[in-house]
Amino acid sequence: NSIVLNVALGLGKFGFVGGDFGYDYKNRSKENSAYCFGAFGGVNFMPTNFIRPYAELALNYHTDENLTPEIGVGTDILIGKVMLNLGYNFGWKINLENYFDEKEFLDDDISTYHLFTVGFGFTWR
C-alpha cells in the first residue's frame with residue numbers, strides 16, 4: 001500500500017523521464033512504514049488525441065532497505081488538461097540488508113510482485 005507522486009517530462013515525441021517520491025504504509029503501523037524515492041523512463045505514442053499507451057522502466061529505493069526495479073505498461077487517458085492513468089508493473093523486491101553480505105544473502109532476499117496502479121494528474125500537452 002502506498003501513495004506516490006510522479007513528475008514526468010517528455011523527451012522528444014516518443015520518450016519520457018521522471019522521478020517519484022512516495023510513502024509506503026503497511027498495516028497502518030508507522031513502525032513498518034517507509035519512504036521511497038525513484039526514477040523512471042520510457043516510451044509512449046498517441047494513436048488518438050485522447051489515449052497515450054506507454055512502456056516504462058523504473059527503479060525505487062525504499063528507506064526500509066529495499067530496492068525495487070520494475071518494468072511496466074499502461075495508458076494515459078487525456079481529458080483536456082486532466083489525465084487519468086491505468087498501469088501495470090512487474091517488479092523485483094531486493095532486500096538490501098543482507099544483499100552485500102555474501103555469507104547471509106539468501107534467495108528469500110529477492111521476491112517478485114505485481115503492481116496495479118490508478119492515478120490522475122495534469123498535463124500541458
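Not measured: the values here are computed from a predicted model.
Between F37 and Y61, the distance separating the two ring centers is not shorter than 6.0 angstrom. Aromatic rings of F90 and H114 (six-membered ring for Trp) have centroids within the 6.0 Å cut-off, being under it.
Residues D24 and H62 meet the side-chain proximity criterion, which asks for heavy atoms closer than 4.5 Å. Considering only heavy atoms from C-beta on, M83 stays 4.5 Å or farther from F120 through its side chain. The side-chain heavy atoms of I77 and R52, taken from C-beta on, include no pair separated by under 4.5 Å.
Tested against F16, the residues N44, L9, L11, V43 include a single side-chain contact (heavy atoms from CB on, under 4.5 Å) partner, N44.
The environment of F122 atom CZ is sparse: at most 12 non-hydrogen atoms of other residues, nucleotides or ligands sit within 6.0 angstrom. The neighbour count for Y88 OH, taken as heavy atoms of other residues, nucleotides or ligands under 6.0 Å away, is above 12.
One finds the OG atom of S2 at 9.5 Å from the CG atom of D20 (value rounded to the nearest 0.5 Å). Considering CG of L84 and CG of D76, their distance stands at 9.0 Å, rounded to 0.5 Å.
Using modelled atom types, one side-chain atom of T63 and one backbone atom of Y35 make a donor-acceptor pair closer than 3.5 Å.
Side-chain polar atoms of Y54 and T75 form no donor-acceptor pair below 3.5 angstrom.
Linking Ile, Leu, Val, Met, Phe, Trp and Tyr residues whenever their side-chain heavy atoms come within less than 4.5 Å places L67 and I110 in a single cluster. V7 and V4 fall into different hydrophobic clusters, defined by Ile, Leu, Val, Met, Phe, Trp and Tyr side-chain heavy atoms under 4.5 Å apart, directly or through other members.
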